[in-house]
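Numbering of residues begins at 1 and proceeds along the displayed sequence.
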Amino acid sequence: MAEPPSMPAVLSGALVALFVGSLTNTIVGIALPTIAGELGGQDQVPWVASAALLTMTVSTPLWGKAADRNGPRPLLLAALGVFVAGSVLAGCAPDMGTLIAGRAVQGAAAGGMLALTNTLIAGLVPARERGRYTGWFGVSFGVASVAGPLIGGLLVGLPGLGWRWCFLGVVPVALLAALLVRLAPHRRPAEHRGTVDVLGGALFAAAATGLVVLLSAGGRAWPWPSWPTVAFGLGIVVLTVLAVLHERRAPDPILPPRLFRTRTFTVACATGFLLGAVMFGGIIYLPQYLQVVRGHDATTAGLLMLPQVGTMIVASTLSGYLIARTGRWKAFPVAGCALLTTGMVMLAPLAPDTAPWWLAAGMAVLGAGTGMTQQVLVLIAQNAVGPGDLGVASSAATFTRTLGGAVGVAAFGAVITTRLHTDLPSARAGSGLAGDEVRSLLGTPERIAELPPALAEAVRLSYTSGLGSVFLLAIPIAVAALAAVLLLRETPLGTR
């Protein structure tokens, strides 16, 4: 199948859309202290990040199914339009409630942008040639994930701009992406296979919502060992069972169970879930280490993440090129999972005075492993299904990776918080801080420097110890992902 003449422009639009969709989850973190200071509502700050994660996770499979019914181009344009609306709402928010609502709209749109960019290109390019493009997708996703804190720090710190431009600044970029995506040919499926599965979508969304809310609020809004946790857990199990039973009978289900009878598709999604937990742990908590423990500002911390960004770009681009050239793909996720495991082993003994070159080397290994796996798994999932299921396959691969990231961030965050509560009682008592204010100690470098010296040092040591535990816990997860990809059977990539 020949590429359309507008393919370079369409690819550029898809890359820009993927970049801003990924950026929305990483650019805001560094601005949260400033936002809380201006709008108030310190107790609602965690939901500024969690609201987007929740709606992004829930909406991803729905966007993919809609693309299989109506074609990816109009759905991607709709997602970009919704993203612009959510960004404007968040950027102009007069209070914390409006900001959270805008973030929720942003997240719902980002779920479509992350899944549908892959679907759009998959419908235009054969799987054998798609490796070239998935390599660039890996670059876009990786740069957005790691550069978010750097860009956010610059916007917050520059005179005349401020935190609102973390939301308003992406609007012209999203509009540019929409103009380029419009050049893609519209290829609508010839026929529908049944009515819209509203009930299945509702059950699926409710189960995913419950899981993300539980992971986001557990340990913050209520303790993990408590009745709310048990009630949420039971509700999630019941909703999941009902969704699976319904999807098995639905004429055109949101997430067809028949796809999971294909071992390659199932293993690709399971591996994506495991790698999501490992990958997002490194992306989220390493910048915090650089600020909390090392005392760097947001801009410097972002620059120090460049070893991870650089190797991610090189590995993603090179693996995509080699897949397109040779048609062989299994070696790349195997090598990537091995590198991720190695990177976690290197960073597990992290200390406040770890040599900068060793820290940079560990980041570089993590970046290379991420670049060789994340987009290749999407390609594998797409290649395992028929043309009519490309949207579902792309969204399922993206959904499992996002859900894995949510689980990893919540679980690893609980480990760090528990370590702080364990290590800081005496130092905290001496400073007069209450027990429920432990998380407030992890502020900006300037705020930590204002703490009493003994307490500041205790915070740095405790956070480093907790982060080391996170990397130790991530090692068996990365090994499990490696074992999973070894089970994959290398099937030929499609040429149509």
### Task
Could you tell me whether the side chain of T317 and the main chain of V314 form a donor-acceptor pair under 3.5 Å?
no
### Task
State which residues pass side chain to side chain contact (heavy atoms under 4.5 Å, CB included) with V173; sequence neighbours excluded, sorted by chain then number.
V16, V20
### Heavy-atom closest pair, residues M346 and W358
O-NE1, 2.9 Å
### Which residues share a side chain to side chain contact (heavy atoms under 4.5 Å, CB included) with V345, sequence neighbours left out
I475
#### Entry: Minimum-distance pair of heavy atoms, taken over all atoms of A478 and T341
CB-OG1, 3.2 Å
#### Entry: Partners passing side chain to side chain contact (heavy atoms under 4.5 Å, CB included) against A364 (at least two apart in sequence or in another chain)
P307, T311
### Task
Could you grab the distance from atom CG of L54 to atom OG1 of T209, nearest 0.5 Å is fine?
5.0 Å
### Task
For the pair N70 (side chain) and A66 (backbone), establish whether a donor and an acceptor sit closer than 3.5 Å, ignoring hydrogens and angles.
yes
### Message
So, using ring-ring contact (aromatic ring centres under 6.0 Å, His included) as the criterion, who are the partners of F265 when residues are at least two apart?
### Response
F260
### Query
So do V392 and V385 actually touch side chain to side chain, heavy atoms under 4.5 Å?
no
### T400 (side chain) donor-acceptor with A270 (main chain) under 3.5 angstrom
no
### Message
For L120 and L116: C-alpha separation, side-chain torsions, deciding distance, then whether side-chain contact (heavy atoms from CB on, under 4.5 Å) applies.
### Response
CA-CA 6 Å; L120 180 71; L116 297 177; 5.9 Å; no
#### Entry: Nearest-0.5 Å distance, CG of residue L114 to OG1 of residue T402
6.0 Å
### Message
As an exercise, state the distance from CG of L306 to CE of M363, rounded to the nearest 0.5 Å.
### Response
10.0 Å
### Message
If we ignore hydrogens and angles and just use 3.5 Å, is the side chain of S59 paired with the main-chain N or O of T55 as donor and acceptor?
### Response
yes
### S394 backbone acceptor or donor facing N118 side chain under 3.5 Å
no
## Note on the structure
One should read off an interatomic distance between L482 CG and T271 OG1, to the nearest 0.5 angstrom, of 9.5 Å
### Message
Donor-acceptor pair, distance only, cut-off 3.5 Å: does the side chain of R263 make one with the backbone of L487?
### Response
yes
### Query
So do P256 and L259 actually touch side chain to side chain, heavy atoms under 4.5 Å?
yes
#### Entry: Inter- and intrachain pairs under side chain to side chain donor-acceptor pair (under 3.5 Å), touching residues 465-474, at least two apart
R419-S465, R419-S469
### Message
Is it true that, when you exclude R248 itself, more than 12 heavy atoms of the residues, nucleotides or ligands shown sit nearer than 6.0 Å to its CZ?
### Response
no
### Task
Apply ring-ring contact (aromatic ring centres under 6.0 Å, His included) to F204 and list each qualifying residue two or more places apart in sequence or on a separate chain.
F399
### Any side-chain heavy-atom pair of Q374 and L275 under 4.5 Å
no
### W329 side chain vs G320 backbone, donor-acceptor pair below 3.5 Å
no
### Query
Measuring from C166:SG to L155:CG, what's the distance to the nearest 0.5 Å?
5.0 Å
### Any donor-acceptor N/O pair, E247 side chain to L255 backbone, under 3.5 Å
yes
#### Entry: Minimum heavy-atom distance T373-L340, with the two atoms named
OG1-CD1, 4.3 Å
### Query
Under 4.5 Å between any side-chain heavy atoms of R294 and L359, yes or no?
yes
## Note on the structure
One should read off an interatomic distance between T240 OG1 and L211 CG, to the nearest 0.5 angstrom, of 8.0 Å
### Query
Does any N or O in the side chain of K65 come within less than 3.5 Å of the main-chain N or O of P253, such that one atom is a donor and the other an acceptor?
yes
#### Entry: Contacts of type ring-ring contact (aromatic ring centres under 6.0 Å, His included), residue F273, not counting sequence neighbours
none
### Task
Would you please test I380 and T264 for side-chain contact (heavy atoms from CB on, under 4.5 Å) and show each step?
CA-CA 7 Å; I380 294 169; T264 300; 3.4 Å; yes
### Task
Determine the minimum heavy-atom distance between L15 and S140, stating which atoms define it.
O-OG, 2.9 Å
### Message
So L339 and M372, do their side chains get closer than 4.5 Å, heavy atoms only?
### Response
yes
### Message
Does anything in residues 362-397 form a ring-ring contact (aromatic ring centres under 6.0 Å, His included)? List the pairs, not counting sequence neighbours.
### Response
none
### Task
List the steps, then state whether side-chain contact (heavy atoms from CB on, under 4.5 Å) holds for M344 with I477.
CA-CA 10 Å; M344 293 298 167; I477 300 175; over 6 Å; no
### Message
Any non-hydrogen side-chain atom of L274 less than 4.5 Å from a side-chain atom of V278?
### Response
no
### Query
What residues, two or more places apart in sequence or in another chain, satisfy side-chain hydrogen bond (donor to acceptor under 3.5 Å, both in side chains) together with W63?
none
What donor-acceptor contacts under 3.5 angstrom involve side-chain atoms of residues 403-416, with partners at least two apart or in another chain?
none

## Note on the structure
residues 99-117 vs side chain to side chain donor-acceptor pair (under 3.5 Å), sequence neighbours excluded, gives T24-R103, T24-Q106, S87-Q106, R103-Q106
### Query
Between T229 and S226, is any pair of side-chain heavy atoms under 4.5 Å apart?
yes
#### Entry: Test side-chain hydrogen bond (donor to acceptor under 3.5 Å, both in side chains) applied to T262 - qualifying residues, sequence neighbours left out
none
### Query
Would a 4.5 Å heavy-atom cut-off, applied to side chains only, mark V238 and L242 as touching?
yes
### Exercise: identify the closest heavy-atom pair between A115 and T398
CA-OG1, 4.0 Å
#### Entry: Considering all heavy atoms, the nearest G200-I254 contact
C-CG1, 4.2 Å
